Protein chains: 2
Amino acid sequence: MFQGEYTNNMDEKGRVNIPASFRDVLQKSYNETSIIVARDPQNMCLRAYPQREWRRLLAKIGARPSNDRIVQAFKRTVISSAQEYSPDKQGRVLIPQSLRSYAGISKSAVFAGSVDTFEIWDATAWDEQLTASLALLQNQDLDF
Amino acid sequence: MFQGEYTNNMDEKGRVNIPASFRDVLQKSYNETSIIVARDPQNMCLRAYPQREWRRLLAKIGARPSNDRIVQAFKRTVISSAQEYSPDKQGRVLIPQSLRSYAGISKSAVFAGSVDTFEIWDATAWDEQLTASLALLQNQDLDF
DNA sequence: CGCAGTTACCCACCTTTACCCACTATGCGC
DNA sequence: GCGCATAGTGGGTAAAGGTGGGTAACTGCG
């Protein structure tokens with residue numbers, strides 16, 4: 001299970017190191033090495049899936065009527081952007097320009113575990129969204 | 001399966017490079033080299049089919065009554081524009097003027113994978129449609 | 001039948017990516 | 001505190017992907 005928050009730097013070539021703990025989870029819980037990276041349509045960030053989780057997502061989409069506007073929009077934004085990446089010997093992947101600019105990642109990238117996937121944020125965008133999330137929870141009556 | 005998003009430039013002769021990964025899929029999954037390119041009637045873009053997928057489409061059309069107005073419209077717009085193209089040694093195809101102007105492709109073209117076909121967009125048109133799709137998804141309660 | 005415009009084919013260059021090696025920083029055990 | 005292992009960073013090099021352009025064949029038209 002992916003959890004925890006890590007900050008790694010992207011170099012001039014556009015490569016970022018996947019946190020070692022995430023690579024461990026991928027290896028031990030999923031027995032995989034490569035990941036699928038795609039846009040997250042609801043946040044300005046990227047989302048990384050193990051193949052197994054990605055296939056589950058595809059199956060869910062496939063079960064819906066293909067002429068549904070939401071489904072079409074989802075395919076456009078998410079499926080089309082998705083690509084498989086296998087880390088190099090040092091555990092890094094090259095994030096393509098289109099995804100980089102979508103998430104606004106310039107240099108510092110934040111990896112945030114999200115149970116069965118993990119998110120990749122630009123560091124400053126992550127900070128903003130974090131304070132916003134905290135403000136939202138501030139006056140809530142949480143029963144957990 | 002065609003997935004991922006690539007941007008290639010069209011030269012003055014009207015040639016564009018088919019992304020290498022799409023050519024690989026065509027070769028490995030379909031054992032074909034050439035593609036069928038036709039208008040996409042529902043979007044301002046072109047759609048490229050492996051022959052096998054194209055024949056499936058034709059079969060679906062053929063199964064419908066030929067005096068159906070929708071079928072007739074579909075034949076006039078899609079079937080009539082369809083043509084087979086085989087990439088040159090460098091992996092490029094020449095997009096004819098009629099299709100180019102339909103999709104509004106001037107220079108920068110985006111190739112977007114769509115599982116068993118792929119779409120070809122003008123770069124700015126792609127951006128517009130992408131932001132529109134994102135806006136649609138923004139406040140949706142997606143359970144996938 | 002010749003000519004002009006277009007298409008197909010080929011060659012060469014340039015940019016990007018993949019792969020590898022080496023270095024630095026951090027944390028843990030002794 | 002010292003040394004080793006592991007994580008993360010920087011950069012060189014070879015191959016692949018993408019781009020530009022020249023020349024020959026082909027087609028349509030006068």
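Residue numbering restarts at 1 for every chain, and letters A, B, ... go by the order of the sequence lines. Not measured: the values here are computed from a predicted model.
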- Determine the contact category for Asp11(B): base if any of its heavy atoms lies under 4.0 Å from a base atom, sugar-phosphate if only primed atoms, P, OP1 or OP2 are that close, otherwise nothing. sugar-phosphate
- Send over the distance from Asn17(A) CG to dA7(D) P, rounded to a whole Å. 9 Å
- Message: Using heavy-atom distances to pick each residue's nearest nucleotide on DNA chain D, tell me which of Glu12(B) and Thr7(A) is more 5'.
- Response: Thr7(A)
- Message: Using the rule ring pair (Phe, Tyr, Trp, His ring centres under 6.0 Å), only one of Trp54(A), Phe2(A), Tyr85(A), Phe118(A) pairs with Tyr49(A); which is it?
- Response: Trp54(A)
Check nucleotides 21-28 of chain C for protein N or O atoms closer than 3.5 Å to its own N or O atoms and list the pairs.
| from | atom 1 | to | atom 2 | distance (Å) |
| --- | --- | --- | --- | --- |
| dC21(C) | N4 | Gln90(A) | OE1 | 3.4 |
| dC21(C) | N4 | Gln90(A) | NE2 | 2.1 |

- Message: With a cut-off of less than 4.0 Å, is there a side-chain N or O of Arg23(A) near OP1 or OP2 of dG8(D)?
- Response: yes
- Message: Tell me whether the rings of Phe111(A) and Phe22(A) are parallel (<30°), tilted (30 to 60°) or perpendicular (>60°).
- Response: perpendicular
- Item | Given dG8(D), dG11(D), dG17(D), the nucleotide with the shortest approach to the side chain of Asn8(A) | dG8(D)
- Item | Contact check, side chains of Tyr6(A) and Asn17(A), non-hydrogen atoms, under 4.5 Å | no
- Message: For Ser133(B) and Gln129(B), which I'm curious about, is there any donor-acceptor pair between the side chains at under 3.5 Å?
- Response: yes
- Query: Arg39(A) versus Leu130(B): any side-chain heavy-atom pair under 4.5 Å?
  - Reply: yes
- Note on the structure: Residue set satisfying side chain to side chain contact (heavy atoms under 4.5 Å, CB included) with Glu84(A), at least two apart, ordered chain then number -> Ser34(A), Ile36(A), Gln51(A)
- Mind calculating the distance between NZ (Lys107(A)) and C1' (dG10(D)) to the nearest angstrom? 10 Å
- Whole angstrom value for the distance that separates C1' of dT13(D) from CG of Asp88(A): 15 Å
- Query: Any salt bridge between Glu119(B) and Lys75(A), counting N to O under 4.0 Å?
  - Reply: no
- Backbone of Ala123(A) reached by a side-chain donor or acceptor of Ser108(A) within 3.5 Å: no
- How many Å lie between CD1 on Ile18(A) and P on dT9(D), as a whole number? 12 Å
- Item | Atom-pair distance (CG on Leu94(B); C1' on dT19(D)), nearest Å | 15 Å
- Note on the structure: Rounded to whole Å, CE of Met10(A) lies from P of dT9(D) at a distance of 11 Å
- Message: What is the distance, to the nearest angstrom, from the CD atom on Gln83(A) to the P atom on dT17(C)?
- Response: 11 Å
- If each end axis of the helix from dC1(C)-dG30(D) to dC30(C)-dG1(D) is fitted on five C1' pair positions, the angle between them, to 10 degrees, is 10°
- Does the dG11(D) base have a donor-acceptor partner in the side chain of Arg15(A) within less than 3.5 Å? yes
- For Asn9(A) and dG11(D), what is the distance between atoms CG and P respectively, to the nearest whole Å? 13 Å
- Item | Tyr30(B) and Ile35(B): CA distance, side-chain angles, deciding distance, side-chain contact (heavy atoms from CB on, under 4.5 Å) verdict | CA-CA 11 Å; Tyr30(B) 292 94; Ile35(B) 51 171; over 6 Å; no
